[in-house]
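I have placed the structure first, in the form of structure tokens, so that the comments after it can refer back to it.
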Amino acid sequence: MQGVISLSSQHLNRVLHDLFSSYSPPVWATLIAGVFIVISLTLSMYLLFEHLSSYKNPEEQMFLIGVILMVPCYAVESFVSLVHPAISVDIGILRDCYESFAMYCFGRYLIACLGGEERAILFMEREGRAASKMPLLEHDSEKGVVKHLFPMNYFLKPWKLGQWVFQVIKFGIVQYMIIKAFTAILAVILEAFGVYCEGDFKLNCGYPYVAVVLNFSQSWALYCLVQFYAITKDELSHIKPLYKFLTFKSIVFLTWWQGVAIALLSTLGLFRSPIAGALQFESSIQDFIICIEMGVASVVHLYVFPAKPYELMGERYTGAVAVLGDYVSADLPVDPEEVRDSERPTKLRLPQPDVDTKGGMTIRESVKDVFIGGREY
């Protein structure tokens with residue numbers, strides 16, 4: 001019985017391989033996707049070189065570049081998968097791996113805009129202490145407390161802001177990276193044995209189970225990002241975080257749900273458009289749509305992640321400084337004198353040690369206290 005199943009599986013793999021090898025996308029689909037690929041690559045490379053030419057705050061820009069590169073990576077991988085559907089699973093795995101890396105970069109970029117991880121934790125702890133000091137009549141206020149949305153409010157108690165909340169949100173983002181990488185490797189193994197069946201919601205295929213696991217993982221990561229936005233939206237108002245959240249989430253999460261919806265509608269026989277009939281495969285439909293979406297996303301990135309605020313800076317910063325907080329809106333004219341004044345380093349007049357004092361601090365201890373214990377100066 002096992003030999004029969006093995007032979008039928010091998011026969012099915014050969015049939016699918018021959019079908020993929022003989023298939024080529026329509027010329028019109030290749031041309032349209034190619035035009036949007038050129039647009040996305042041109043605009044993304046332009047934005048990338050703009051940031052590299054004004055690379056003056058590496059704490060923010062190094063992660064911002066990782067987010068910007070998500071558009072050309074998605075575009076190129078989707079176009080290659082569209083032209084060669086036989087390797088669509090392998091290309092999808094590469095895309096998924098970079099997606100998890102881009103989510104890490106986006107989270108680190110927001111933390112850098114807060115001044116670094118340490119200052120982000122201090123901000124949450126300060127907000128939590130402020131809530132505990134409120135008068136009793138004002139305890140209904142949501143300041144300093146994270147109240148969960150429906151239906152999570154039935155499973156989770158309100159979170160008091162502090163280091164623990166920061167660690168929960170951080171792990172919520174990191175767990176998606178780990179699970180995404182694990183399911184990508186698992187998909188390669190299942191595809192090698194012919195039991196992955198991408199886009200097929202069948203109990204004897206691995207795709208539906210992987211989709212369910214990723215669904216829960218992505219939902220929790222998205223929920224953590226939403227809570228992080230709700231906590232820090234006032235503190236990050238200078239970078240207009242809402243537009244950045246919506247842009248990033250639309251690329252990462254909507255493309256995933258878009259693929260699941262296409263696969264589900266195709267399985268139910270409800271996806272019968274002329275485009276679907278011409279492209280034949282669910283993966284090809286998804287790749288074609290992503291090529292168009294990445295062209296639009298590259299235009300949006302020019303306005304959402306501009307390099308202009310960094311160009312206005314003088315010398316390169318080396319500390320954990322939130323740049324955009326000094327001259328927030330790029331829509332308003334910036335005073336060059338004010339920018340130059342903000343760039344001048346603050347000079348501290350340190351107290352001179354008393355050489356006659358016995359048992360006092362040495363100069364080495366004083367310098368250590370200033371540069372390690374009091375680095376906020």
Side-chain angles (χ1 to χ4, degrees), residues 20-55 61-103 105-106 109 198 243-244 246-259 261-262 273-308 310-311 330:
F20 277 123
S21 300
S22 61
Y23 169 78
S24 60
V27 177
W28 60 266
T30 305
L31 291 177
I32 293 176
V35 169
F36 281 95
I37 285 295
V38 173
I39 293 174
S40 62
L41 288 179
T42 303
L43 296 182
S44 297
M45 291 301 104
Y46 168 77
L47 182 59
L48 175 63
F49 285 117
E50 284 284 302
H51 277 279
L52 291 177
S53 63
S54 57
Y55 194 70
Q61 289 179 283
M62 64 185 296
F63 298 113
L64 190 56
I65 289 174
V67 176
I68 294 172
L69 285 175
M70 180 171 58
V71 168
C73 287
Y74 266 45
V76 172
E77 290 167 355
S78 298
F79 185 76
V80 173
S81 178
L82 175 65
V83 177
H84 302 285
I87 58 173
S88 60
V89 175
D90 300 325
I91 293 297
I93 290 169
L94 293 176
R95 186 168 57 209
D96 293 343
C97 291
Y98 192 86
E99 176 185 308
S100 60
F101 173 71
M103 176 169 288
C105 290
F106 184 71
Y109 164 69
E198 184 183 15
Y243 302 115
K244 291 176 171 58
L246 293 178
T247 302
F248 181 79
K249 288 190 295 184
S250 64
I251 296 176
V252 173
F253 295 100
L254 294 185
T255 52
W256 159 255
W257 282 107
Q258 175 180 275
I262 291 173
S273 66
I275 296 178
L279 294 175
Q280 296 184 15
F281 302 110
E282 292 89 350
S283 61
S284 299
I285 300 171
Q286 168 78 338
D287 295 329
F288 177 73
I289 297 176
I290 289 179
C291 289
I292 297 176
E293 291 172 340
M294 291 304 104
V296 177
S298 63
V299 178
V300 177
H301 270 196
L302 293 176
Y303 297 94
V304 177
F305 301 109
K308 189 67 174 178
Y310 301 100
E311 293 176 2

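Below, all heavy atoms of this structure are taken into account, side chains as well, without hydrogens, waters or symmetry copies.
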Using 30° and 60° as the class limits, which term best fits the ring planes of F305 and H301: parallel, tilted or perpendicular?
perpendicular

Minimum heavy-atom distance A29-L82, with the two atoms named
O-CD2, 4.2 Å

Measure from the side-chain N and O atoms of S40 to the backbone N and O of I37, and report whether any donor-acceptor pair falls under 3.5 Å.
yes

Exercise: identify the closest heavy-atom pair between A33 and F79
CB-CD1, 3.9 Å

Apply the test side-chain contact (heavy atoms from CB on, under 4.5 Å) to residues V300 and Y243: give CA-CA distance (whole Å), side-chain angles for both, the deciding distance (0.1 Å), then the verdict.
CA-CA 10 Å; V300 177; Y243 302 115; over 6 Å; no

Identify the heavy atoms of I65 and Y55 that sit nearest to each other, and give their distance.
CD1-CE1, 4.1 Å

Hey, are the side chains of R95 and I290 touching, using non-hydrogen atoms and a 4.5 Å cut-off?
yes

With E50, which residues qualify under salt bridge (Lys or Arg N to Asp or Glu O under 4.0 Å), at least two apart?
none

Under 4.5 Å between any side-chain heavy atoms of F248 and M70, yes or no?
yes

Report, as yes or no, whether the 6.0 Å neighbourhood of atom OH on Y98 holds more than 12 heavy atoms from other residues, nucleotides or ligands.
yes

Return yes if some donor-acceptor pair links the side-chain N/O of H51 with the main-chain N/O of Y310 below 3.5 Å, else return no.
no

Do you know which of D287, V83, I91 makes side chain to side chain contact (heavy atoms under 4.5 Å, CB included) with S78?
D287

Between Y46 and L302 the two heavy atoms that sit nearest each other are CD2-CD2, 3.9 Å

Looking at side-chain heavy atoms only, is the closest gap between E293 and I251 below 4.5 Å?
no

Identified side chain to side chain contact (heavy atoms under 4.5 Å, CB included) counterpart of L47 within the set V71, L52, L69, I68
I68

Do S54 and Q61 come within less than 4.5 Å of each other through their side chains, counting heavy atoms only?
yes

To check you understand the geometry: which heavy-atom pair defines the closest contact between L43 and S298, and what is its length?
CD1-OG, 3.6 Å

SG of C73 to CG of L41, rounded to nearest 0.5 Å, is 9.5 Å

Just to verify, what does F36 make a ring pair (Phe, Tyr, Trp, His ring centres under 6.0 Å) with, not counting sequence neighbours?
none

